[in-house]
Undergrad: 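One structure follows; several queries about it will come next.
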Amino acid sequence: MTRDLRQIKKVIGVVEGTHKLESVEAALKGNYLDVLIIDEQTASALLRGE
């Protein structure tokens, strides 16, 4: 799957819910996303490092 994502020119992630925070962090650390659309609560939790 990760190999497939690397072949896509523009990867857009759409996330809603703090229960997905761990997955968002992994996608960001792995540099898999070009664009991230995220709700305010999850963005705040991400910035706080929760």
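All values below come from the heavy atoms of this structure, side chains included, with hydrogens, waters and symmetry mates left out. Everything numeric here is computed off the predicted structure, so don't read it as measured data.
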Undergrad: From Leu46 CG over to Leu28 CG, what is the distance, rounded to the nearest 0.5 angstrom?
TA: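 That separation rounds to 6.0 Å.
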Undergrad: Give the intermediate values and the outcome of side chain to side chain contact (heavy atoms under 4.5 Å, CB included) for residues Ile37 and Val15.
TA: CA-CA 6 Å; Ile37 300 168; Val15 178; over 6 Å; no
Undergrad: Considering residues at least two apart in sequence or located in another chain, which fulfil the side-chain contact (heavy atoms from CB on, under 4.5 Å) criterion with Lys29?
TA: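 Residues passing side-chain contact (heavy atoms from CB on, under 4.5 Å) with Lys29: none at all.
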Undergrad: Working to the nearest 0.5 angstrom, can you tell me the gap between Ile38 CD1 and Glu16 CD?
TA: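 Those atoms lie 10.0 Å apart.
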Undergrad: Can you name the residues that form a side-chain hydrogen bond (donor to acceptor under 3.5 Å, both in side chains) with Asp39, not counting sequence neighbours?
TA: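 Asp39 satisfies side-chain hydrogen bond (donor to acceptor under 3.5 Å, both in side chains) with Thr42 once adjacent residues are dropped.
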Undergrad: My understanding is that only residues two or more places apart in sequence, or in another chain, count here; which of them pass side-chain contact (heavy atoms from CB on, under 4.5 Å) with Ala45?
TA: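 Partners of Ala45 under the side-chain contact (heavy atoms from CB on, under 4.5 Å) test: Thr18, Leu21, Arg48, Glu50.
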Undergrad: Tell me if the CD atom of Gln41 is crowded by more than 12 foreign heavy atoms within 6.0 Å.
TA: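 Atom CD in Gln41 is not crowded, with 12 or fewer foreign heavy atoms closer than 6.0 Å.
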Undergrad: Is there side-chain contact between Val35 and Val11, with at least one heavy-atom pair below 4.5 Å?
TA: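 Val35 does not reach Val11 side chain to side chain.
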